[in-house]
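Here is the structure we will look at.
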2 protein chains.
Amino acid sequence: MHSHDLFHSLHQLSRHLTNKLNEVLKPMGIYGSQWAVIYVLKKKDSLTQKELCDYLFVEAPPMTRTIQRLVKQGYVRQVPGQDKREKHIQLTDEALKQYPNWEQAVTELNQTLLSQLPKTSQEELFNLQNYWLNQLL
Amino acid sequence: MHSHDLFHSLHQLSRHLTNKLNEVLKPMGIYGSQWAVIYVLKKKDSLTQKELCDYLFVEAPPMTRTIQRLVKQGYVRQVPGQDKREKHIQLTDEALKQYPNWEQAVTELNQTLLSQLPKTSQEELFNLQNYWLNQLL
DNA sequence: TAAAAATAGTTACCTAGGTAACTATAAGGT
DNA sequence: ACCTTATAGTTACCTAGGTAACTATTTTTA
């Protein structure tokens, strides 16, 4: 096994999964990057853009774009914070109404994608990825 | 473990590695996508764009762009095939001259990135990725 | 063999995500 | 208090990769 192959297959796998995600979300009118933000906001309730960036491991500029699109679609609102530099991002009622649909679509996709991979392998893969990622940061 | 987390960590890991690769290649004047093409061409000698797409699992349009950049930089040439639709892509002497530098930089990076991950884990990760990828295609 | 379908590659345009340079606000050091 | 530095977010522009629509060839088929 050459190290190149390991990186190559990881890259391919990631792209394949991203494509599948966008395919499923397309008819629901949102993109994968938007779903990632929505998913976090559902769990955390209200976060600044900085916090979203840190959590999702994304730079500020793409986050600005993703949020602006979500604002335009009415799924998110930006509330000015006490610190006037900050913007607190929250899901709108419209987003909360749509959430179960999005969640179901994504969960079904994930199950389909993982159906051929035994549970123990899933755990193993997840642990290896996380261990490696933590070592790298 | 939620399936979302597995996909999320895979996505993060992939992005992190891509960023590191581009960081290392930047001073050498090429990008990660270009390196992927060069690496394949070094092994296979001459391939059509279609064959490169299939091998790297990439759609035709981005491949066209990557190759056009490589042509402009003088690292690759497009030889018309017997089938006049095809273009056979080959490394130039200039690319072959630079290759060892690129190869060394990438190999060193890979070793650094993998240094904290035990050999057995590397194999395990590689096998899981490939197994899953094959199931999905 | 002429018309239809498939294939290789390109162009135009989209999202995803990165850096650099900028603005506006907040925090610290003197 | 004032000036410097740090931080949150935006804007502009770059690469990576995707789809749709197109051109130019080749292959199939009627």
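So that the names make sense, note that chain A is the first sequence line, chain B the second, and so on, each numbered from 1.
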Checklist entry - In Å and rounded to the nearest 0.5 Å, what is the CH2 to CG distance from A/Trp132 to A/Leu6? => result 5.0 Å

Checklist entry - When we call it a touch if two heavy atoms are under 4.0 Å apart, what does A/Gly81 touch: a base, just sugar-phosphate, or nothing? => result nothing

Checklist entry - Just how far, in rounded Å, is C1' of C/dG18 from CD of B/Gln12? => result 15 Å

Next on the checklist: With a 4.0 Å cutoff (strictly under), does any side-chain N or O of A/Gln78 reach OP1 or OP2 of D/dT10?
Outcome noted: yes

Checklist entry - Within this structure, what is the CD-to-C1' distance between B/Gln68 and C/dA8, rounded to whole angstrom? => result 14 Å

Can you list, pair by pair, the side-chain donor-acceptor contacts under 3.5 Å of residues 58-65 of chain B, counting residues two or more places apart and other chains?
unit_1: B/Thr64; atom_1: OG1; unit_2: B/Ala60; atom_2: O; d: 3.3

Next on the checklist: Within residues 101-112 of chain A, which residues have any heavy atom lying less than 4.0 Å from an atom of DNA chain D?
Outcome noted: none

Checklist outcome for this item: Test ring pair (Phe, Tyr, Trp, His ring centres under 6.0 Å), reference B/Tyr39, set A/His4, A/His2, A/His8, output is A/His4

Item to check | N or O in side chain of A/Gln34 less than 4.0 angstrom from C/dA16 OP1/OP2 | outcome: no

Item to check | Gap between atoms CZ and C1', on A/Arg69 and C/dA16 respectively (whole Å) | outcome: 8 Å

Item to check | 5′-ward residue of the pair A/Asn19/A/Thr48 relative to DNA chain D | outcome: A/Thr48

Checklist entry - Do the side-chain N or O atoms of A/Ser33 get closer than 4.0 angstrom to the phosphate oxygens (OP1, OP2) of C/dA16? => result yes

Next on the checklist: Parallel, tilted or perpendicular, judged at 30° and 60°: which one describes the rings of A/Trp102 and A/Trp35?
Outcome noted: perpendicular

Next on the checklist: Between B/Lys50 and B/Asp54, does any side-chain N to carboxylate O distance fall below 4.0 Å?
Outcome noted: yes

Checklist outcome for this item: Between CG of A/Leu25 and C1' of C/dC14 the distance, given in whole Å, is 16 Å

Using residues 74-82 of chain A as the side-chain source, report each donor-acceptor pair under 3.5 Å to any protein atom, sequence neighbours left out, with the distance given to one decimal.
unit_1: A/Arg77; atom_1: NE; unit_2: A/Gln90; atom_2: OE1; d: 3.3
unit_1: A/Gln78; atom_1: NE2; unit_2: A/Gln49; atom_2: OE1; d: 3.0

Item to check | With B/Gln73 via side chain to side chain donor-acceptor pair (under 3.5 Å) - residues at least two apart | outcome: B/Gln34

Item to check | Whole angstrom value for the distance that separates P of D/dA8 from CG of A/Leu47 | outcome: 14 Å

Checklist outcome for this item: note: B/Met63, atom CE; D/dG17, atom C1'; distance rounded to Å ~ 11 Å

N/O donor-acceptor pairs under 3.5 Å from side chains in residues 110-122 of chain B, not counting sequence neighbours:
unit_1: B/Asn110; atom_1: ND2; unit_2: A/Ser3; atom_2: OG; d: 3.0
unit_1: B/Thr112; atom_1: OG1; unit_2: B/Glu108; atom_2: O; d: 3.0
unit_1: B/Ser115; atom_1: OG; unit_2: B/Thr112; atom_2: O; d: 2.8
unit_1: B/Gln122; atom_1: NE2; unit_2: B/Leu114; atom_2: O; d: 3.3
unit_1: B/Gln122; atom_1: NE2; unit_2: B/Leu117; atom_2: O; d: 2.8

Checklist entry - When you measure from the side chain of B/Asn22, which nucleotide among D/dA16, D/dG9, C/dT11 comes out closest? => result D/dA16

Checklist entry - Using a cut-off of less than 4.0 Å, is there contact between a side-chain N or O of A/His11 and OP1 or OP2 of D/dA16? => result no

Checklist entry - With a 3.5 Å cut-off and no angle check, do the side chains of B/Gln129 and A/Ser9 form a donor-acceptor pair? => result yes

Next on the checklist: Checking contacts here: which listed nucleotide (C/dT11, C/dA16, D/dT11) is nearest the side-chain heavy atoms of A/Tyr31?
Outcome noted: C/dA16

Item to check | Footprint string (nucleotides 19-27 of chain D, 5' to 3'): B base within contact, S backbone only, - free, heavy atoms under 4.0 Å | outcome: BB---BBS-

Item to check | Whole-Å distance separating the NZ atom of A/Lys20 from the P atom of D/dG17 | outcome: 18 Å

Checklist entry - Do we get A/Lys26 above A/Tyr31's six-membered ring, with its NZ or CZ under 6.0 Å from the centre and within 45° of the axis? => result no

Checklist entry - C/dT15 P sits how many Å from A/Ile67 CD1, rounded? => result 16 Å

